[in-house]
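Okay, structure first, notes after.
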Amino acid sequence: MRVLVLGGAGEIGRAAGRMLAAHEDVEQVVIGDLSESNARAVAEALGGQARQIDVTDRDRLVALAREHDIVVNTVGPYFRFGPGILSAVIEAGRDYVDVCDDPAPTATMLAMHEQAVANGVTAVIGMGASPGVANLLARQAITGLDRAAAVVTGWNLLMAQPAQRSWQPSAAIVHGIEQVSTPIPVIRGNEQVREKPLTKTTVDYPGIGSGTGWTFGHPEPVTLFHTYPGLVDCVNLAVAPPHVIGPLTALGTAVRSGFLSRARAAAVAAIVENLLPSSPLAALDNCALPPLFATATGTLDGEPATIGCALGQFPGLTMAEATGIPLAVGTLLNPKQPGVHPPEAVFDPEEFFRALAPHCLGNPRPESMVVTTNSQWSPERNARALDTGSLVTALLRHQG
């Protein structure tokens, strides 16, 4: 398999490229990046090739994509670049996977499904941590119920830290400012509606207790409702302490009121990020919810039930590893199912987490990858699940 990694000189692209280059099924990894010198440096480290590419040059992108079997896209922000890149790759007739974390382009790319089918292209969008792993945790929670009515996905904002800090706004920060300054899609009453972002939400997590998150614009409500149209409610939450949510709320308000441009707000956010604690483990301090989780509420055996599924093991402690390694796993598991799909529609969670396990810290057992709790279980049974599932969720239980 010949793989083209767009944005391959960035942190997420490097993490994905490193894993792909080491896999026996990958013949060659080609690093495509706007900076030829950066692409060459990464490619030399991986034993691959480098190509300079401006992803807005459609003709050149189509031609370059045709030289490969699959295109891995890590170029963000996706509300600027995602649909155009996917459209070019579909025209090239090559498979595709990305980590799109914006809801608006997600909907646009899902609408390219028939075009992808016609060209025999399998495209998986949003295959990172959140979205990506979060979607598969949600699928596992949903399938544990007879009927699911409400789904919550959540991720700890302080664990999504860059490997290297910069005073310049990253694509992730630009994405974040976009999501806190515009209405976000959520599912309410079996309909997609738009609401003000960063609304405080309480989650009653089985086996752990109540925790707080804030609504954040991510693709999960869009794609989960696409895959499970019977859902009545679905939101995505950012989990963070008030001293982090407060500045984000203020920046979003400043953009909406016209006091700050999005570019200026992103510059301020980059400064704030540099002032936050640098250790991802600090994110667990006084946090009542797992770092990456999904809950599904509905009925089981005729009774109300909530199932919680949390990621118990992690591929690393930076955003690059947490996102890039699941992206590489999804690339290698290419489902060969023509069309444009979210992860939960084409990947079996058990197969995915079994493939992810060898690339997590400490080479954990596959059965410890997902920690499942259930509101119908006894406190003792949930405690055993948390204590034996992983260090992270056991720590959360004792913290609570």
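Ile31 is not listed as a side-chain neighbour of Arg40, based on a closest heavy-atom distance of 4.5 Å or more. Residues Phe225 and Thr223 are not in side-chain contact: their nearest non-hydrogen atoms beyond the backbone lie 4.5 Å or more apart. Inter-residue side-chain proximity for Cys234 and Tyr228 is flagged as unmet; no heavy-atom pair is nearer than 4.5 Å. Between Tyr78 and Asp101, the closest side-chain pair of non-hydrogen atoms falls below 4.5 Å. Looking at Asp69 and Val3, their side chains never come closer than 4.5 Å, going by heavy atoms from C-beta outward. Annotation: side chain of Pro326 is in contact with side chain of Pro315 (closest heavy-atom distance under 4.5 Å). Side-chain contact check for Glu27 versus Met1: every heavy-atom pair is 4.5 Å or farther apart. In this structure, the side chains of Phe347 and His341 stay at 4.5 Å or more apart for every pair of heavy atoms.
With Ser87 contributing its side chain and Gly84 its backbone, the two residues share no donor-acceptor pair below 3.5 Å. The closest donor-acceptor contact from the side chain of Ser181 to the backbone of Gly252 lies at 3.5 Å or more, if one exists at all. Asn190 places a side-chain N or O within donor-acceptor distance of the main-chain N or O of Pro229, the cut-off being under 3.5 Å. No donor-acceptor pair under 3.5 Å is formed between the side chain of Thr227 and the backbone N or O of Leu224. In this structure, the side chain of Asn135 engages the main chain of Gly132 through a donor-acceptor pair within 3.5 Å. A donor-acceptor pair under 3.5 Å is absent between the side-chain atoms of Thr199 and the main chain of Glu195, judged by distance alone. Not one N or O on the side chain of Arg51 forms a donor-acceptor pair closer than 3.5 Å with the backbone of Gly32. Counting only distance, with no hydrogens or angles, the side chain of Asn382 and the backbone of Ile208 share no donor-acceptor pair below 3.5 Å. With Asp98 contributing its side chain and Asn73 its backbone, the two residues share no donor-acceptor pair below 3.5 Å.
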Between Glu67 and Arg94, is the salt bridge (Lys or Arg N to Asp or Glu O under 4.0 Å) condition met? List the steps.
CA-CA 9 Å; Glu67 298 176 11; Arg94 295 297 182 261; over 6 Å; no
Please evaluate residues Glu367 and Arg354 with respect to the criterion salt bridge (Lys or Arg N to Asp or Glu O under 4.0 Å), reporting the C-alpha separation (whole Å), side-chain torsions for both, the decisive distance (0.1 Å), and the verdict.
CA-CA 8 Å; Glu367 55 268 27; Arg354 186 169 57 247; over 6 Å; no
Go through Gln52 and Asp33 one step at a time and tell me if the side chain to side chain contact (heavy atoms under 4.5 Å, CB included) criterion holds.
CA-CA 5 Å; Gln52 192 279 333; Asp33 202 90; over 6 Å; no
Start with the C-alpha distance between Arg384 and Glu380, add both sets of side-chain angles, then the distance that settles salt bridge (Lys or Arg N to Asp or Glu O under 4.0 Å), and finish with yes or no.
CA-CA 6 Å; Arg384 287 195 301 271; Glu380 293 76 17; over 6 Å; no
Show the numbers, then the answer: is there a side chain to side chain contact (heavy atoms under 4.5 Å, CB included) between Val97 and Leu327?
CA-CA 8 Å; Val97 60; Leu327 171 64; 3.8 Å; yes
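When the shell of 6.0 Å around CZ of Arg147 is examined, it contains 12 or fewer heavy atoms from other residues, nucleotides or ligands. Heavy atoms from other residues, nucleotides or ligands lying under 6.0 Å from CD of Glu350 number 12 at most. In the displayed structure, Arg264 atom CZ is contacted under 6.0 Å by at most 12 heavy atoms of other residues, nucleotides or ligands.
Thr318 and Glu11 share no side-chain donor-acceptor pair at under 3.5 Å. Side-chain contact, Glu220 with Ser130: a donor N or O sits under 3.5 Å from an acceptor N or O. Under 3.5 Å, the side chains of Asn334 and Thr122 contain no donor-acceptor pair of N or O atoms. At a cut-off of 3.5 Å, with distance as the only test, a side-chain donor of Thr153 or Asn236 sits close to an acceptor on the other residue. Side-chain polar atoms of Thr182 and Arg256 form no donor-acceptor pair below 3.5 angstrom.
Clustering of Ile, Leu, Val, Met, Phe, Trp and Tyr by side-chain heavy atoms under 4.5 Å joins Ile85 with Leu4, Leu6, Val30, Ile53, Val55, Leu61, Leu64, Val71, Val75, Phe81, Leu86, Val89, Ile90, Tyr96, Met109, Leu110, Met112, Val121, Ile125, Val222, Val340. With a 4.5 Å cut-off between side-chain heavy atoms of Ile, Leu, Val, Met, Phe, Trp and Tyr, the cluster of Leu145 takes in Leu300, Ile307.
By the ring pair (Phe, Tyr, Trp, His ring centres under 6.0 Å) test, His218 is found to be paired with Trp155, His175, Phe216, residues two or more places apart in sequence or in another chain being considered. Scanning for side chain to side chain donor-acceptor pair (under 3.5 Å) contacts around Arg80 gives an empty result, with sequence neighbours left out. Among residues two or more places apart in sequence or in another chain, the ring pair (Phe, Tyr, Trp, His ring centres under 6.0 Å) test is passed with His23 by none.
Tracing side-chain contacts under 4.5 Å through hydrophobic residues (I, L, V, M, F, W, Y), one never reaches Leu34 starting from Val72; they form parts of separate clusters. The cluster map of Ile, Leu, Val, Met, Phe, Trp and Tyr, joined by side-chain heavy atoms under 4.5 Å apart, puts Leu333 and Met369 in the same cluster. Grouping the Ile, Leu, Val, Met, Phe, Trp and Tyr side chains by contacts below 4.5 angstrom, directly or via other members, places Leu289 with Val235. Note: the hydrophobic cluster containing Val151 also contains Ile187 (ILVMFWY, side chain heavy atoms under 4.5 Å, direct or indirect links). Taking hydrophobic clusters as Ile, Leu, Val, Met, Phe, Trp and Tyr residues chained together by side-chain heavy-atom distances below 4.5 Å, Leu157 shares a cluster with Phe314.
Applying the salt bridge (Lys or Arg N to Asp or Glu O under 4.0 Å) rule to pairs touching residues 313-340 yields Asp95-Lys336, sequence neighbours excluded.
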